[in-house]
Amino acid sequence: MPTLLDKLWQAHRVASAGGGQDLIHIDRILLHDLSGARALAELAEKGHAIAHPALAFATPDHAVATGPGRTAETFPAGARGVALLREGAARHGIRLFDLGQDGQGIVHVMGPELGIVLPGLTVICGDSHTCTNGGLGALAFGVGSSELAHALATQTLRLAKPKAMRVRFEGAFPLGTTAKDAVLAAIGRLGTGAGAGFAIEWAGSAVRALEVEQRLTLCNLSIEMGARMGFIAPDERVFAWIAGRDYAPRGAAWEAAVAAWRGLASDEDAAFDADHVIDAGAIAPQVTWGTSPEHVIAVDAPIPAPEAAPDPARRKAWADALAYQGLEPGRPLAGTRVDWVFIGSCTNARLSDLREAARMVRGRRVAPGVTAWVVPGSVRVKRAAEEEGLDRVFRDAGFDWREPGCSLCVAANGEAVPPGARCVSTSNRNFVGRQGKGARTHLASPAMAAAAAVTGRITDIRRPF
Amino acid sequence: MQPFTAVTGPAAPLLRPNIDTDVIIRVERLVGTTRASMGAHAFEVWRFRADGSEDPAFVLNRPEFRAAPILLAGPNFGCGSSREGAVWALQGMGVRAVIAPSYSDIFRNNALQNGLLPVVLDEAVVREIAAQVEAAPDRARVTVDLEREVVIAPDGTRHRFAIDPARREALLAGLDDVGLTLRQADAIAAWQQADRAARPWAWQVAAPERR
């Protein structure tokens, strides 16, 4: 009767750490130019060695420019982080996928793509969206730089086991509804704090039917529901997706691995601390209206009035959000004029995301007055997209086709949406100022973002446009 | 890490729900600022107006709360990004403890790694303490006592809070986690030896052949 969480936890439990905590073995440590660089510097200051440098992998993604011909110095304030990452990786023998090299990319795109992340592994990174990797059936979660340094020094973390939540999407997603819409709808229904203290197992027939890259998108937003960890039981589709990737096991090791991975599922009679069921067939394309991922509605639903908020604190939060976003309650989001469109991020910058977006763009032009960017998730995604001509589709329509990195998802690299500008974004956070001071973000799927770019308005892709 | 035993002082009420770490410290301050100087930028999107001047209406700009060592907050405090700079920014502005109904898991861990105490009390209790503070902002004092695991409201009411015993000990002593864990190095090594045999694929990370 164990849950998948129980199995993953037990498989990595070295010992009790006392006081309700366990010492959990960490199989993979991913480092980027902000928290990774800081953790390496912190270790050097304290004089700790790195326990297993071969289990750590690094790539710069956060504070690096994404314009053509960029180098680490293009965004000068970020150059120091990249330099520290390079120095630390070289000093400790950590594999670095540097700018301009094969493999570089957004850390949560790069890890699965290279077979560094595998089902059943514990994976950490100093980045809250590490939960993305749960799409492969890994126990993956974000940590701060102190915990990152701890794991580098000891290959373990002292952790209290979270409670187990299951969220099932049953039925089939309608045409136009993606994993992004599904997880936004769940966050809208259950709230952005619902998963705090829990690990979420995403399940149900609609999830089992998802392609692997969509599963990564679904798990990516676990943290926006408050859960540090989110995962999906791995299946044959995942194993086939991983087979042959650079760091994936081969030969006898592969056979042994797959045999073990087939046991990575919650038992039929497993008991969860919280269990939710959502009707997949009732989920329409979602767009956020406010400044928290829980401020989300179907594209054709009316923007809610603060008076409808469940309590006084939320009433104020909703009113503040509407004021920040420059929106009036009562009208639907569809038809709202947009200034910027961003297709990218660890949520939605994989090849299948770019294909979906390109489908909306082919033969059309970016609307006058709209700035539209595509930032592929990795060097490999970019190359694969170019091989099938997607870059031409975007460029011909007037999009910027850029170099891999986090870019406008977090605006840590000198690239930002201007104050007051309205941006439809495939990223994961619509917080105040997230995409730039005063920037107004509307989270949506790649197809919805692409449609907004060519119409200049938030657009319901289920109707002709 | 500075040990935490007890703190008494003004408590700034900032009760909105879901305060995210992007709001606590903007990402560009993580690249351009040292850890020690992040306090100057804490909550900058709320503290400063578009022209760069302070917004006097924002609670942390009010004279009685400027140096408050305690922050009263709404549910799901510290959600969003894992940036540890959010903790350093709070500490940089003098905050030693936060009292809220709930926290994001990553923020709570980051706080504990740095000696910032995240106290959990019922939302109604947090609101009641905030109401007492607002009734006498110049004089109201709140105590957070980790040794006794109690918060004392301005009117003297004592509210018990719970904290993981291991975390409590570490905070009281100002102990670093790495030192604690390295005491278990033998157990880790033995576990890893067995694991290499049980899960060889988890340890095979040799660079692949050139493509």
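Residue numbers start from 1 in every chain, and the chains themselves are labelled A, B, ... in the order their sequence lines are given, proteins ahead of strands.
Residues A/K437 and B/E44 have side chains in contact (heavy-atom distance under 4.5 Å, counting atoms from C-beta outward). With a 4.5 Å cut-off on side-chain heavy atoms, A/R228 and B/N109 count as touching. You'll find the side chain of A/E42 stays beyond 4.5 Å of the side chain of B/E84, heavy atoms only. A/E147 has its side chain out of reach of B/S82: every pair of non-hydrogen atoms, C-beta onward, lies at least 4.5 Å apart. Looking only at side-chain heavy atoms (C-beta outward), A/H150 and B/Q113 stay at 4.5 Å or farther from each other.
Heavy atoms of A/R13 lying under 4.5 Å from chain B belong exclusively to its backbone. Heavy atoms of A/A160 lying under 4.5 Å from chain B are absent altogether. With a 4.5 angstrom heavy-atom cutoff, A/K46 touches chain B only via side-chain atoms. Only the side chain of A/A63 comes within contact range of chain B, judged by heavy atoms closer than 4.5 Å. Contacts of A/S16 with chain B are made by backbone atoms alone, with heavy-atom separations under 4.5 Å and no side-chain atom involved. For chain A, the nearby part of B/R167 is the side chain; its heavy atoms alone come within less than 4.5 Å. Heavy-atom distances place the side chain of B/R26, and not its backbone, under 4.5 Å from chain A. For B/D177, the parts lying near chain A are the backbone and the side chain together; criterion is any non-hydrogen pair under 4.5 Å. With a 4.5 Å cut-off on non-hydrogen atoms, B/Y103 touches chain A through its backbone but not through its side chain. Contact of A/F141 with chain B is not made at all, since no heavy-atom distance falls under 4.5 Å. Heavy atoms of A/H48 lying under 4.5 Å from chain B belong exclusively to its side chain. Both the backbone and the side chain of A/V14 come within less than 4.5 Å of a heavy atom of chain B. For A/R429, the part sitting under 4.5 Å from any heavy atom of chain B is the side chain, from C-beta outward, and nothing else. With a 4.5 Å cut-off on non-hydrogen atoms, B/W191 touches chain A through its side chain but not through its backbone. Both the backbone and the side chain of B/V178 come within contact range of chain A, judged by heavy atoms closer than 4.5 Å. Heavy atoms closer than 4.5 Å to chain A are found in both the backbone and the side chain of B/S81. A/A411 touches chain B through its backbone: at least one of N, CA, C or O sits under 4.5 Å from a heavy atom, while the side chain does not.
Using modelled atom types, no side-chain atom of B/R83 and backbone atom of A/S128 make a donor-acceptor pair closer than 3.5 Å. Judged purely by atom type and a 3.5 angstrom limit, B/D105 has no side-chain atom pairing as donor or acceptor with the backbone of A/A196.
In this structure, B/D164 and A/G20 approach most closely via the heavy-atom pair OD2-CA, 4.1 Å. Heavy atoms only, all atoms of each residue included: A/V410 and B/V27 are closest at O-CG1, 3.1 Å. Taking both residues in full, the closest heavy atoms of A/S292 and B/N18 are given as OG-ND2, 4.4 Å, listed atom of the first, atom of the second, then distance.
One finds the CZ atom of A/F75 at 8.0 Å from the CD atom of B/E28 (value rounded to the nearest 0.5 Å). To the nearest 0.5 Å, atom SG of residue A/C131 and atom CD1 of residue B/I106 are 7.5 Å apart. Note that OG1 of A/T156 and CD1 of B/I188 are 4.0 Å apart. Values are rounded to the nearest 0.5 Å. Here A/E294 contributes atom CD and B/C79 contributes atom SG; the two are 8.5 Å apart, rounded to the nearest 0.5 Å. Atom CG of residue B/L112 and atom CZ of residue A/R158 lie 12.5 Å apart, to the nearest 0.5 angstrom.
Salt-bridge annotation for A/D27 and B/R199: present, with a side-chain N of the basic residue lying under 4.0 Å from a carboxylate O of the acidic one. The pair A/D320-B/R16 meets the salt-bridge criterion, since a charged nitrogen lies less than 4.0 angstrom from a carboxylate oxygen.
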Side chain to side chain contact (heavy atoms under 4.5 Å, CB included) for B/D22 and A/V432? Distances and angles first, verdict last. CA-CA 8 Å; B/D22 272 81; A/V432 167; over 6 Å; no

B/Q192 and A/H52: CA distance, side-chain angles, deciding distance, side-chain hydrogen bond (donor to acceptor under 3.5 Å, both in side chains) verdict: CA-CA 11 Å; B/Q192 288 176 337; A/H52 295 278; 3.2 Å; yes

Evaluate the criterion side chain to side chain contact (heavy atoms under 4.5 Å, CB included) for residue pair A/R28 and B/V205; output intermediate values, then yes/no. CA-CA 10 Å; A/R28 296 287 184 274; B/V205 282; 3.4 Å; yes

